[in-house]
Asks: 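What follows is a single structure, and I will ask about it in a moment.
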Amino acid sequence: IRMRGIFTMAVLALSLRMQVASAQLRVFGPDQGFCQGRNMVWNPNQNGLLFFGAERADANSSDGLAVYLIDTQLTVLSKKTYLFPGPAFPGTIQTLFNGHSFLACGGYYLPSGASVGLLLWLNSQGDTLKTKAFPLFFGSSSIKRIGIAPNGKIGMIGYQTSTLSNSSDIWVAQLDSTGNLDWEIALGGPANDVGHGIRWHAAKQAWAISGDFETSSYGNYLAFVDDQGHWINDTLISDANANGNYVLS
């Protein structure tokens with residue numbers, strides 16, 4: 001029995017190595033610049049994937065948010081790039097409730113050093129259906145993540161420059177299914193606070209959010225906000241190495 005168990009383990013190990021060896025690896029992006037991938041979503045209309053990120057063709061080029069259309073063999077079929085006047089940073093891409101269009105978020109810096117949050121509505125080819133920019137609230141803004149509720153409402157989270165001090169607040173907003181702003185709120189204290197995660201919580205009928213909250217050190221900040229923009233409750237899990245970026249990823 002012992003020998004049979006050792007043999008079985010050896011066969012499983014060999015099978016695993018063969019699976020790893022047969023895994024596909026694809027590298028894409030500009031030859032001389034950089035490509036920062038964010039995430040991919042399934043694209044049922046194309047039987048493939050939409051890969052979202054940011055890239056720069058070379059040192060002398062502008063940054064852009066990039067959308068790659070990829071088949072199931074990880075072959076790049078097409079690419080669309082949206083250029084900006086300064087460095088761009090990708091948030092994420094989500095499938096919208098109709099399953100046939102997509103919403104990507106991110107932002108870019110202006111020459112002044114301020115930043116603008118951005119939403120891109122995309123079709124299954126990666127073409128832009130419409131865009132929506134969130135301008136300089138009090139100097140700077142960024143959309144880190146988006147979430148989609150069953151009724152088509154869109155939740156967004158990121159940060160904005162605080163009105164109280166030279167710091168940032170967690171920024172949460174909700175759009176209706178057509179992209180009009182329902183409400184926006186800011187949460188935070190006197191230090192730097194950044195929102196990173198947002199998901200719809202069906203049982204509570206509210207947005208679950210997470211982020212970094214700076215006190216004496218950074219802490220994992222968790223909260224619920226209902227679909228009217230009212231804060232419900234929150235908690236702070238404080239730790240010197242806490243990072244809210246991973247709580248609702």
Side-chain angles (χ1 to χ4, degrees), residues 36-55 64-72 74 76-82 84 88-108 116-135 141-159 171-185 195-211 224-229 245 247-249:
Q36 178 188 6
R38 182 56 66 191
N39 70 312
M40 295 189 296
V41 289
W42 178 247
N43 186 354
N45 296 303
Q46 301 296 322
N47 194 34
L49 299 152
L50 283 177
F51 173 93
F52 179 66
E55 66 177 38
L65 295 176
V67 179
Y68 287 81
L69 180 61
I70 302 171
D71 65 16
T72 54
L74 304 185
V76 175
L77 304 177
S78 64
K79 182 187 78 167
K80 305 292 172 61
T81 306
Y82 308 92
F84 301 103
F89 39 91
T92 188
I93 186 171
Q94 294 272 358
T95 306
L96 288 174
F97 66 98
N98 59 19
H100 301 291
S101 56
F102 306 87
L103 182 62
C105 69
Y108 63 94
V116 177
L118 185 72
L119 292 175
L120 296 170
W121 279 261
L122 308 169
N123 65 13
S124 60
Q125 300 287 336
D127 296 317
T128 307
L129 299 174
K130 64 179 178 179
T131 64
K132 188 177 185 68
F134 291 83
S141 66
S142 167
I143 303 172
K144 294 286 190 178
R145 293 288 186 275
I146 48 180
I148 311 297
N151 59 3
K153 297 282 188 177
I154 300 164
M156 304 185 299
I157 193 167
Y159 72 87
W171 172 64
V172 186
Q174 179 180 284
L175 307 178
D176 65 21
S177 60
T178 62
N180 296 313
L181 184 67
D182 284 341
W183 49 261
E184 58 179 316
I185 60 173
H196 285 290
I198 185 166
R199 289 289 184 273
W200 179 252
H201 195 293
K204 288 186 177 291
Q205 289 295 292
W207 296 106
I209 67 169
S210 68
F224 286 105
V225 178
D226 70 17
D227 63 355
Q228 300 300 308
N245 189 22
V247 177
L248 285 177
S249 59

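Starting from 1, each residue takes its place in the sequence as its number.
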Asks: Charged N to carboxylate O below 4.0 Å: is that the case for Lys153 and Asp176?
Replies: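 The answer is no: the pair does not qualify as a salt bridge.
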
Asks: Shortest non-hydrogen contact from Trp207 to Gly147?
Replies: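 Here Trp207 and Gly147 meet closest at CH2-O, 3.5 Å.
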
Asks: Identify the two heavy atoms, one from Ser210 and one from Ile157, that lie closest to each other, and give their separation to 0.1 Å.
Replies: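 Closest pair (atom of Ser210, atom of Ile157, distance): O-CD1, 3.6 Å.
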
Asks: Given the rule in the side-chain contact (heavy atoms from CB on, under 4.5 Å) test, do Leu175 and Asn180 qualify, once you have shown the distances and angles that lead to the verdict?
Replies: CA-CA 5 Å; Leu175 307 178; Asn180 296 313; over 6 Å; no

Asks: Quick one: do Ser101 and Asn123 satisfy side chain to side chain donor-acceptor pair (under 3.5 Å)? Show the steps, please.
Replies: CA-CA 5 Å; Ser101 56; Asn123 65 13; over 6 Å; no

Asks: Give the C-alpha distance, both sets of side-chain angles, the deciding distance and a yes or no for side-chain contact (heavy atoms from CB on, under 4.5 Å) between Leu77 and Ile70.
Replies: CA-CA 6 Å; Leu77 304 177; Ile70 302 171; over 6 Å; no

Asks: Could you label the plane-to-plane angle of the Tyr108 and Phe84 rings as parallel, tilted or perpendicular, counting under 30° as parallel and over 60° as perpendicular?
Replies: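 If you compare the ring of Tyr108 with that of Phe84, the planes turn out parallel.
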
Asks: Would Tyr68 and Ser78 count as a side chain to side chain donor-acceptor pair (under 3.5 Å) here? Give the steps.
Replies: CA-CA 6 Å; Tyr68 287 81; Ser78 64; over 6 Å; no

Asks: Which distance, rounded to the nearest 0.5 Å, do you find between the CG of Asn151 and the CD of Gln205?
Replies: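 Reported value, rounded in 0.5 Å steps: 8.0 Å.
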
Asks: How many angstroms lie between atom CG of Asn45 and atom CZ of Phe102, to the nearest 0.5 angstrom?
Replies: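 These two atoms lie 6.5 Å from each other.
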
Asks: Give the minimum heavy-atom separation between Pro150 and Trp200, together with the two atoms involved.
Replies: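 Closest heavy-atom pair between Pro150 and Trp200: CD-CD1, 3.3 Å.
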
Asks: Apply side-chain contact (heavy atoms from CB on, under 4.5 Å) to the pair Asn39 and Phe51, showing each step before the final yes or no.
Replies: CA-CA 6 Å; Asn39 70 312; Phe51 173 93; over 6 Å; no

Asks: Would you mind telling me which of Ile93, Leu65, Leu119 makes a side chain to side chain contact (heavy atoms under 4.5 Å, CB included) with Cys105?
Replies: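 Exactly one candidate clears the test, Leu119.
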
Asks: Atom CG in Leu49, atom CG in Asn43: separation rounded to 0.5 Å?
Replies: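 Rounded to the nearest 0.5 Å, the CG-CG separation comes out at 8.0 Å.
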
Asks: If you apply the rule side-chain contact (heavy atoms from CB on, under 4.5 Å), what do you find for Met156 with Lys144, and how did you get there?
Replies: CA-CA 8 Å; Met156 304 185 299; Lys144 294 286 190 178; over 6 Å; no

